[in-house]
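Heads up, the thing below is written out as structure tokens.
Index from 1, following the sequence. Read the numbers this way: they start at 1 and go in the same order the structure lists the ligands and their atoms.
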Amino acid sequence: MKPDAAQGGERRAALALLLRAARPEMPLLKRAVWWLALAAGLEALGPVLGKAFIDHYLLPRDANLPAIAGLLGGALVAGCLASWLRYGQLVRLAGLAMRSVQRIRESVYGHVLRLPMSFFDRAITGQLVSRVTNDTEAVKTLYVQVLFVMLDSVIMLAGMLLTMALLDWRLMLIVALLVPAVVGIVWLYQRLSAPAVTRSRALRSDINAQAAESIAGMPVIQAAGAAAQFNARFAATNAAHYAARRLELRANAWLLRPALDFLNVAMLGAVIAVVSLRTASGSTMSAIEVGVLYAFVSYIARVTEPLIQITMQFSQLQQAMVAAARVNTLLDEAEAPPARAAGQVRAGAISVHALDFAYQPGRPVLHGLNLEVPAGRFVGIVGHTGSGKSTLLSLLLRFYEAPPGSLLIDGQAITDIGDDAFRSAVGLVPQEPFLLAASARENIDMGRGFTDAEIEAAARAAHADGFIRRLEHGYDTPLGEGGARLSVGEKQLIAIARALAGKPRILFLDEATSHIDSETEGIVQQALTALRGQVTVVAIAHRLSTIREADEIVVLNHGRIAERGSHAALMAIDRGLYQRLVQLQQLEAQEDPPDDLQAGARP
Ligand code: ATP
Ligand code: MG
């Protein structure tokens, strides 16, 4: 029974999450319960007034008009008051629910922002998005539909059972049999539908993920002519989702309404039978019993309604719990621990001591790396693909945790530097330039609140100022999603400007020149050289010309440093790795004819 136990734990955690979200609303919730109880009480009054009319006026044929008008007026007022109270509470609870959703959604998003980079190695964007949007929304269902309807129904049920007990407790006991019968049906329903609900939710999230992924990768999909395969994969997921939903709906359709409607009829029969038996066994049906019978018949019709409502809400509850459990699983992911340290970056000198690192245990990526980068120096890192260059940068950026003591900045452990101090002192130009769907200005600023002058100075330093000014609205031109309207080289220049805007002490570049033409590369090279002495630069470069002027070039090979030295020194190593890399690139450059000729030369 292990899976059940696990599910129980999940359920408890999900409930805890929902309660936590609603905690600030508790006083409101309590007040709503009182008003709902009053509404239910007023509602339960109806049949009692009917019974009074039958017993005191109808059967004795007593046409006491003022008294009858009083009864009628009482019933009317009670009905109106009950409706008004119920409507008011529904509005309140809806407000409560929306505030709770807002709170949960903000906390989930905030949490995602603080997750360690390693989480995103295995995260699927679409699923994450679905957690933040759909799953948190399901929580609203819980408050508006489930909580409101359930509370309303339970209170109404209790009120009616109480009134029936006061009228005739034996008959009430018969009606009360409905409760265990309904509970049994609900239990069966849960057994049958829970797996289908979980499955259909998971599949819906897959549908989201697939759609998001293919939109992001549209150029690749269309160029590879893979549209049909993607369509088929999407259709398969959709079909599985349909099947799961159908199972769920079947359980719904058979177990909820029809079974309960049948119970209703059976109960009516039972009450009439008992009253008939009582009448047959001697005493003639007294006037009082007619009124009671009327009240019971109308209560039975009303009692099943809240019971049906309660059971119907179980499927909603089921879904909300599943959604809450998924949100909870995400919230349980450990956040990157905040560096409580107070260390500062002053000069920006980097030391790497005997650094070993593996993403997965037993599969080392870096082996015993040693490296000293004095402040203000320019170091280039080269090496074959997969040699660990980006990994080294990720560790220096604290995206992953390096073994203690292996990374130092200005002589202090990298973990001893405060978060804010670290992020403002370190700039990154990543391998894939990431642009927001915003203006050039906002992309350089990235919400850090720089002045226009600072932004433009950074753009000039990155040599991005020229092309930005040529856009139709200059710095305020929207760049489209992911900077779609810029060339890759231009995106890269914006990314460099963004990094420089923070006036970093240390600047990391990961293949910042791979996608730009030789002329633009020359510009970036100038920009980097101009930073010499002011900013420590560590640049990974595929294009060796970018780091030709570096103070030191480090050649990585399978996670180890193979060679190091200036360009001239490395070129002097006979049959050295660097020398061969340079020769290879020169050969490539010679063999690659200009693009227009190349296209023409193809058969
Ligand atoms: P490239 O020039 O292609 O960018 P690189 O030198 O930057 O290559 P890294 O990205 O550092 O190479 O990767 C080094 C090794 O670590 C590779 O074998 C890669 O498969 C592995 N690796 C990289 N990132 C991860 C990750 N997040 N999880 C597991 N393994 C990873
Ligand atoms: Mg890389």
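At least one N/O/S atom of S390, from backbone or side chain, sits under 2.8 Å from the Mg ion (ligand 2).
Around the CG atom of D420, the shell of radius 6.0 Å holds no more than 12 heavy atoms that belong to other residues, nucleotides or ligands.
Here the rule is side-chain contact (heavy atoms from CB on, under 4.5 Å) with L331, and of H111, R326, R131 only H111 fits it.
For the side chain to side chain donor-acceptor pair (under 3.5 Å) condition, the pairs that include at least one residue of residues 372-385, sequence neighbours left out, are S351-E372.
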Less than 3.5 Å apart, N/O on ligand 1 and N/O on the protein: could you list those pairs with the distances?
{"residue": "ligand 1", "atom": "2 (O)", "partner": "K389", "partner atom": "NZ", "Å": "2.8"}
{"residue": "ligand 1", "atom": "2 (O)", "partner": "E511", "partner atom": "OE2", "Å": "3.4"}
{"residue": "ligand 1", "atom": "3 (O)", "partner": "T385", "partner atom": "OG1", "Å": "2.3"}
{"residue": "ligand 1", "atom": "4 (O)", "partner": "Q431", "partner atom": "NE2", "Å": "3.0"}
{"residue": "ligand 1", "atom": "6 (O)", "partner": "S387", "partner atom": "N", "Å": "3.2"}
{"residue": "ligand 1", "atom": "6 (O)", "partner": "G388", "partner atom": "N", "Å": "3.0"}
{"residue": "ligand 1", "atom": "6 (O)", "partner": "K389", "partner atom": "N", "Å": "2.9"}
{"residue": "ligand 1", "atom": "6 (O)", "partner": "K389", "partner atom": "NZ", "Å": "3.0"}
{"residue": "ligand 1", "atom": "7 (O)", "partner": "S390", "partner atom": "N", "Å": "2.9"}
{"residue": "ligand 1", "atom": "7 (O)", "partner": "S390", "partner atom": "OG", "Å": "2.7"}
{"residue": "ligand 1", "atom": "8 (O)", "partner": "G386", "partner atom": "N", "Å": "2.8"}
{"residue": "ligand 1", "atom": "11 (O)", "partner": "S390", "partner atom": "N", "Å": "3.4"}
{"residue": "ligand 1", "atom": "11 (O)", "partner": "T391", "partner atom": "N", "Å": "2.8"}
{"residue": "ligand 1", "atom": "11 (O)", "partner": "T391", "partner atom": "OG1", "Å": "2.4"}
{"residue": "ligand 1", "atom": "24 (N)", "partner": "Y359", "partner atom": "OH", "Å": "3.4"}
{"residue": "ligand 1", "atom": "27 (N)", "partner": "D121", "partner atom": "OD1", "Å": "3.3"}
{"residue": "ligand 1", "atom": "27 (N)", "partner": "D121", "partner atom": "OD2", "Å": "2.8"}

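Ion pair K389/D510 not flagged as a salt bridge, since none of the NZ, NE, NH1 or NH2 atoms sits closer than 4.0 Å to an Asp/Glu carboxylate oxygen. The existence of a salt bridge linking R233 and E213 is confirmed by a sub-4.0 Å separation between a basic side-chain nitrogen and an acidic carboxylate oxygen. The pair E333-R122 counts as a salt bridge, with a side-chain nitrogen and a carboxylate oxygen less than 4.0 angstrom apart.
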